[in-house]
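Here the structure is laid out as structure tokens; the discussion comes afterwards.
Keep in mind the model is a prediction, meaning the values are calculated, not measured.
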Amino acid sequence: MIDTRVRPIWLIRHGQSESNAGLPTNGPGAAPLTALGREQAARMAAAFTAPPDLVVSSPFVRARQTAQATLDRFPDVPYEEWPVQEFTYLGALHAHGTTAEQRQPFARAYWERCDPAHVSGGDGESFRELITRAHAFLDRLAEREDGLIAVFTHGIFMRAVIWTLLSGVTDPDAAAMRSYRRFQGACDIPNCAVTELWRPKGQHGFRVVGGGTTHLAGAATAQPAAPARASYLD
């Protein structure tokens, strides 16, 4: 049942990318979907019981390709690109032609450093900038009057949005960054999983409604599935 007292947002992680599958990629935004990722995107598109009022995507290839399946099904739905791309904390250390496994030592060193202002690789995004971007995203959503907004985005960014809502942190220090890292380790978001936010009408703030992968039944997921949800899904 759709709760008419709220305006829902679906945060949708992209389908399996070549990076998720362990293949080399040419920078953080360039990895396309695999065949499995395209199947997941198609199942995501089929999960809508009615057209969304707005489709939003990150500018990264894997998110745009995932969103395209929904746009193909609903060609009249407005489409916008917002800065909801993945956390690019490695910067130039995410070298062309490298795999996630090859980048793992740099990633581990970044999180062990635990400096919210630190910028890796000369042009990486700091953790503080990520949280600022998550808040800006929520502020932008709060201004919209649309009904269902489907946002095709990325796992770490989705966790940053959820953690920001739960923690209330706006200017993270080292302790907050460690808290986020613990949250990230305990929060699985499989490819094409949906986490729903509610914007209650006449009230301030958002509510996190969880997530699920019931719409992917029969298609493998890249990570363990989250608890199933039925709202808005076939």
Side-chain angles (χ1 to χ4, degrees), residues 1-15 17 29 32-33 37-38 40-87 130-165 189-216 226 229-234:
M1 293 290 292
I2 297 177
D3 189 335
T4 58
R5 297 169 298 175
V6 301
R7 293 168 295 165
I9 300 101
W10 280 8
L11 302 182
I12 305 164
R13 188 185 174 199
H14 59 81
S17 69
L33 296 181
R38 292 191 294 272
Q40 291 168 335
R43 288 178 178 270
M44 182 66 248
F48 289 91
T49 56
D53 291 271
L54 174 68
V55 170
V56 170
S57 174
S58 141
F60 283 10
V61 170
R62 57 194 181 275
R64 289 193 285 109
Q65 288 181 335
T66 306
Q68 189 60 51
T70 295
L71 293 170
D72 288 345
R73 184 182 174 199
F74 303 112
D76 295 329
V77 171
Y79 170 75
E80 298 178 8
E81 286 189 9
W82 292 8
V84 294
Q85 67 272 15
E86 189 57 289
F87 183 30
L130 169 67
I131 299 307
T132 297
R133 188 157 55 88
H135 278 284
F137 168 65
L138 291 168
D139 289 343
R140 188 169 182 174
L141 285 175
E143 295 173 354
R144 301 294 300 230
E145 295 296 328
D146 310 81
L148 173 60
I149 301 177
V151 181
F152 291 85
T153 180
H154 304 260
I156 298 178
F157 184 76
M158 288 172 68
R159 293 181 184 96
V161 170
I162 297 165
W163 180 81
T164 293
L165 288 171
I189 301 179
N191 292 114
C192 272
V194 177
T195 293
E196 192 171 333
L197 303 181
W198 283 357
R199 299 165 292 165
K201 292 181 179 178
Q203 303 177 40
H204 294 288
F206 291 82
R207 293 172 59 191
V208 179
V209 193
T213 54
T214 55
H215 53 292
L216 300 176
R229 292 199 67 253
S231 176
Y232 295 103
L233 298 180
D234 288 338

For this session: For Arg199 and Gly147, indicate whether the former's side chain and the latter's backbone hold a donor-acceptor pair under 3.5 Å.
Result: yes

Exercise. Side chains of Ser58 and His154: closer than 4.5 Å at any heavy-atom pair?
Worked result: yes

Problem set entry | Side-chain (Arg62) to main-chain (Ser17) donor-acceptor, under 3.5 angstrom | no

Exercise. What is the distance from atom CG of Asp76 to atom CG of Leu71, rounded to the nearest 0.5 Å?
Worked result: 11.0 Å

Seminar exercise, completed: When every non-hydrogen atom of Arg133 is compared with those of Pro83, the smallest separation belongs to NH1-O, 3.1 Å

For this session: Could you grab the distance from atom NE2 of His14 to atom CZ of Arg64, nearest 0.5 Å is fine?
Result: 13.0 Å

Exercise. Are any side-chain N or O atoms of Thr153 and backbone N or O atoms of Val84, one a donor and one an acceptor, separated by less than 3.5 Å?
Worked result: yes

Exercise. Just by modelled atom types, is the Gly15 backbone N or O under 3.5 Å from a matching donor or acceptor in the Thr66 side chain?
Worked result: yes

Exercise. Hey, are the side chains of Leu197 and Leu138 touching, using non-hydrogen atoms and a 4.5 Å cut-off?
Worked result: yes

Exercise. Can you tell me how far the CG atom of Asp146 sits from the CD1 atom of Ile9, to the nearest 0.5 Å?
Worked result: 9.5 Å

Exercise. For Glu80, what residues pass the side-chain hydrogen bond (donor to acceptor under 3.5 Å, both in side chains) criterion, not counting sequence neighbours?
Worked result: Trp82, Arg144

Exercise. Is the side chain of Asp53 donor-acceptor paired with the backbone N or O of Leu148 at a distance under 3.5 Å, no angle test?
Worked result: yes

Seminar exercise, completed: Here the pair of heavy atoms bringing Thr164 nearest to Ala160 is OG1-O, 2.7 Å

Exercise. Which heavy atom in Leu130 sits nearest to a heavy atom in Phe157, and how many Å separate them?
Worked result: CD1-CD1, 4.0 Å

For this session: Start with the C-alpha distance between Leu11 and Phe137, add both sets of side-chain angles, then the distance that settles side chain to side chain contact (heavy atoms under 4.5 Å, CB included), and finish with yes or no.
Result: CA-CA 11 Å; Leu11 302 182; Phe137 168 65; 3.7 Å; yes

Exercise. So do Met44 and Phe152 actually touch side chain to side chain, heavy atoms under 4.5 Å?
Worked result: yes

For this session: Using atom types as modelled and distance alone, determine if a side-chain donor or acceptor of Arg73 lies under 3.5 Å from a backbone N or O of Ala45.
Result: yes

Exercise. Any donor and acceptor pair, going by atom type alone, linking the side chain of Glu86 with main-chain N or O of Gly29 inside 3.5 Å?
Worked result: no

Problem set entry | Sequence neighbours excluded - salt bridge (Lys or Arg N to Asp or Glu O under 4.0 Å) pairs with any residue from residues 147-162 | none

Problem set entry | Value rounded to 0.5 Å, distance of CE in Met158 from CD1 in Ile189 | 4.5 Å

Exercise. So, Gln65 side chain and Leu33 main chain: donor-acceptor pair closer than 3.5 Å or not?
Worked result: yes

Exercise. Between Ala142 and Phe206, what is the shortest heavy-atom contact and its length?
Worked result: N-CZ, 4.0 Å

Problem set entry | Results of side-chain hydrogen bond (donor to acceptor under 3.5 Å, both in side chains) for Arg38 - residues two or more places apart only | none

